Amino acid sequence: MRRLLMVLVTVFALLPALPAEAAESPVDLDALFVGAHPDDEAFSLSTLGQWNEDHDVRTGVVTVTRGEGGGNAVGPEEGPALGLLREAEERTAVAKARVGEVFNLDDVDFFYTVSAPLTDQVWGGDTLEKVVRIVRQTRPEILLTMDPAPTPGNHGNHQEAARLAIEAFYAAADPKVFPEQITREGLRPFAPARLLTGGGRGTSQTGPSCASSFRPANPAQNVYGVWSGRPSESGRTWAAIERDAQRTYASQGWAVFPDVPTDPAQLGCDFFTQVDARVPIPEPGTPAAAAPTAILDGALTRASGTVPLGTLFTLRTNTFDVRPGTAFTVEVTTTAAREPLGRSSAALRVPEGWAVKGSGDLGRIAAGRTGSATFTVTPAAGAAGRARIGAVLTTERGRGYTDRQVEASPAVRGRQQLLPQVDQYEKWVVEVGVPQLRGLVTPVLTLPSGGSRQVGVVVTNVSDTARSGTVRVDLPAGFAADRTEAAYRDLAPGASATVPFTVTNTDTSLKTSNEGGDYAYTVTVDGTVTGRPALELVPATTIPQAGSAAGPTVDGTEGSGEYTGAALDLSRRWEGEACSSAADCSGTAKLAWRDDTLYVLVQVKDDVLGTRLAASDCKRHWRTDAVEVTLDPHGTSENTSTTFKAAVLPVTADSDAAGSATDSNAAGSATHSNAAGSATHSNAAGSATPSNAAAAPGPPCALRDADNRQGPATGVRIASAVSSGAYTVEMSIPMEALPGSVDPEHLGLNILVYDSDTQNKTGQTRIGWSTWGGVQGDPYRWGVATLTGYRPPADRPVPDPVIPDTALSSLDSPQSLEQAVRVRVPLAGGPAARAAESGRVTSATDVPDGVKVTLRTAAAGKAHLFVRDDQGTAGSRVVTVSARGTTTVTVPLTRALAASPTVVAGWEAPSGGTTASRVQVR
């Protein structure tokens with residue numbers, strides 16, 4: 001395949017096993033997908049497979065973490081061992097789409113979060129450098145990634161992986177960014193041709209017209225679709241092949257995914273949204289823009305009548321924010337990289353009513369030469385919202401098209417104040433220079449049912465003179481503000497100011513949460529509507545003080561007078577399958593407080609109990625039936641690292657020791673007692689699946705997850721009672737266990753129920769009190785509780801969060817080592833070891849007690865050795881080498897060698913660089 005801007009790459013110091021390989025360059029990829037975890041690419045595999053089969057497009061996948069923080073539905077592996085398992089799943093899955101390279105970056109996968117800032121903090125400051133290094137090494141023309149915006153429920157790791165890919169698109173081309181990769185490692189700057197994110201905001205039909213029928217929510221956006229219903233060479237649709245690949249992720253419970261429809265007319269597209277391009281792209285609305293090659297055109301494929309591959313064509317405006325009637329400039333540039341274009345010209349395409357001035361004559365463009373033209377564009381008087389500025393290139397060698405978004409707005413913009421993570425995203429957009437990604441998240445603020453809050457409208461002057469005027473808010477029925485209009489004065493050019501309003505929910509009968517809790521309203525600045533944000537109603541409750549001085553008895557039953565407050569409805573579905581009936585899954589909760597302790601009683605109807613986990617496996621509660629209580633002390637947390645989240649599994653697989661009792665304060669876990677008045681664990685008919693029916697249920701267990709301090713729920717007392725078709729969980733939570741003092745007027749609270757009706761460690765339904773997509777990671781969307789009469793201790797500390805920090809090293813992954821040898825790309829996005837610190841395996845011999853391995857090293861370091869054959873790993877050893885020279889060691893075997901044995905070695909140099917090598921076992 002003809003390559004865009006092909007250049008020679010200086011050989012880096014990766015030492016392979018065979019001397020003949022030493023002069024070879026790294027693998028040259030056509031496309032690269034950047035994701036956060038194994039399986040993030042799984043819904044793009046139909047497209048990647050088609051590209052390879054039809055156009056020989058070679059794609060690689062960058063996976064920032066190995067997913068060690070995820071669940072495991074197939075075994076007990078955790079941490080690095082789970083990472084090794086998930087890496088194997090990913091390599092098997094992507095191979096079904098003919099993707100051969102997976103580049104793991106070895107960053108930490110921690111608990112589920114919707115926070116990109118927290119992700120960035122945990123991953124550290126070197127991840128972008130690693131992504132840029134891989135881009136410069138593998139030189140992909142197409143860069144694909146995920147959604148960078150904090151849209152509700154979007155995983156923070158996904159957001160951060162996408163932001164890294166977007167930054168790398170620009171950084172890899174800039175020699176001033178990570179210059180040591182160029183000066184010390186011999187890499188060269190590389191500019192990918194096109195950058196796209198997965199998915200598309202808009203609507204479409206299924207079937208072969210899914211691409212052409214797509215209607216983007218933002219009409220100025222370029223969204224491309226690749227139909228998954230096309231048959232592969234095997235005769236099966238690519239959607240079916242993609243589903244087979246997805247089922248490979250058995251550890252994540254994906255093995256149970258249903259078949260895709262057999263009728264191709266019911267199959268849709270994989271969609272991708274373009275962020276930027278350096279080459280001509282298909283013109284929107286043309287057949288080429290709906291073709292399966294639309295993303296490849298201009299970068300890897302050449303459509304009929306278009307300019308030669310290698311031609312660069314870009315359009316830039318001097319501003320993204322344009323004003324009606326005010327001119328701005330547009331520069332169009334084209335470069336003939338390898339072939340001359342001859343006499344060339346450019347013409348602009350602008351919205352109706354917009355005016356264009358300027359000549360598009362680019363002159364005669366020879367190979368290696370550039371032509372440019374500058375235009376003046378004046379938006380129409382009534383211009384508003386996003387608009388597309390397009391440019392058509394006409395040359396003696398063919399045509400080209402490109403475009404750019406701008407946003408027309410009045411002199412002063414107004415929008416509702418942003419949530420912290422959205423505000424951080426909007427600042428990132430500015431810093432990176434991708435204003436086209438601005439405003440992807442509708443501004444929302446939560447409001448407790450029947451409560452009040454201050455809502456700020458941020459006004460920004462985008463004109464070149466000082467401004468004064470008025471801001472107006474028009475609220476929907478059921479809401480009132482302390483004023484409907486307010487003034488702003490003497491706002492300087494480029495400046496912003498916040499105009500506050502106090503908003504109250506006056507109708508407590510309005511729906512909350514995902515049952516209809518989004519209430520849009522209008523922001524008007526100087527008579528022009530400038531925003532349609534939303535207020536999101538969350539449920540609210542008052543928690544009374546318990547009548548008894550001792551507080552409720554934690555025994556799994558509701559004693560008389562223990563809980564006098566209103567019952568909370570936990571039956572709203574927030575994720576998964578709908579409950580077939582109240583008997584299938586529903587629940588209520590009651591709460592009380594006494595002294596410095598919160599008491600929670602949750603009653604759940606559940607006709608089938610899920611997998612009973614061992615008490616030693618009391619973690620990752622979403623795999624089975626569980627009740628989760630989440631508490632945000634002040635109701636202001638940006639992410640869950642400053643909250644308390646505790647889950648209770650009502651039963652475990654451990655044997656039921658009648659008459660025993662264990663205090664939950666011991667060892668941080670809680671068990672039960674069958675003594676009179678304590679929690680009972682009867683397993684009456686109908687309360688469990690047949691596989692559970694033979695054994696009595698074991699005691700409950702409690703854990704903390706994805707919060708300030710994960711692990712055993714130390715100090716939390718629990719009890720449960722299981723009966724036919726129902727169970728009850730009761731908890732007492734010392735408020736000193738929360739990270740910080742409770743605000744008795746605004747405690748963030750949520751109670752969630754996880755329902756599983758299977759024995760394969762997978763959940764099917766999630767219900768709860770305050771229910772939104774991704775709500776378990778979004779404290780601002782939890783409900784609000786008032787603790788009447790509670791007075792918190794002063795200055796209760798907020799401890800630093802404890803976050804998992806262990807990830808599998810690629811040096812300990814034989815799969816990664818084998819790939820490094822094969823594609824000549826160093827491990828984990830890091831540099832190759834310098835020649836003066838290198839090391840490699842030179843021979844391996846089968847001996848009675850293992851495999852004798854000889855290493856040749858240029859300095860001290862550490863060798864990670866794996867004996868591999870066609871059945872996997874037969875033995876391994878890590879060897880510390882104290883000096884340069886030749887070292888011989890024996891790697892013990894765990895089993896007899898099978899066919900094609902080899903030794904693969906990873907070398908860790910003193911300064912941190914690596915090499916990989918491999919030899920056959922003789």
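Not measured: the values here are computed from a predicted model.
Salt bridge absent: Arg612 and Asp654 never bring a charged side-chain N and a carboxylate O closer than 4.0 Å. With respect to the salt-bridge test (charged N to carboxylate O, under 4.0 angstrom), the residues Lys619 and Asp617 qualify. Using a cut-off of 4.0 Å between Lys/Arg side-chain N and Asp/Glu carboxylate O, Lys645 and Asp632 are scored as not salt-bridged.
Under the 3.5 Å distance criterion, the side-chain polar atoms of Glu730 are matched with a main-chain donor or acceptor of Asp555. Judged by distance alone, with hydrogens and angles left aside, the side-chain atoms of Thr652 form a donor-acceptor pair with the main-chain N or O of Pro699 at under 3.5 Å. No side-chain donor-acceptor contact under 3.5 Å links Thr47 to the backbone of Asp270. Side-chain atoms of Asn154 do not come within 3.5 Å of backbone N or O of Pro150 as any donor-acceptor pair. A distance-only check finds no donor-acceptor pair linking the side chain of Arg243 to the backbone of Gln246 [under 3.5 Å]. In this structure, Asn72 contributes its side chain and Glu77 its backbone to a donor-acceptor pair below 3.5 Å.
One distance of note links OG of Ser232 with CD1 of Ile241; it measures 3.5 Å at 0.5 Å rounding.
Tested against Glu78, the residues Arg620, Arg86, Arg66 include a single salt bridge (Lys or Arg N to Asp or Glu O under 4.0 Å) partner, Arg620.
Residues satisfying the ring-ring contact (aromatic ring centres under 6.0 Å, His included) criterion with Phe33, sequence neighbours excluded, are absent altogether. Residues passing the ring-ring contact (aromatic ring centres under 6.0 Å, His included) test with Trp254, sequence neighbours excluded: Phe43, Tyr249, Phe257.
Contact of the Pro552 side chain with the Tyr563 side chain is registered, since non-hydrogen atoms from C-beta on lie closer than 4.5 Å. At a threshold of 4.5 Å between non-hydrogen side-chain atoms, the residues Leu535 and Val444 do not count as touching. Counting heavy atoms from C-beta outward, Glu638 and Pro117 have side chains that approach closer than 4.5 Å.
Taking the six-membered ring for Trp and thresholds of 30 and 60 degrees, Trp574 and Tyr754 have ring planes more than 60 degrees apart, a perpendicular arrangement.
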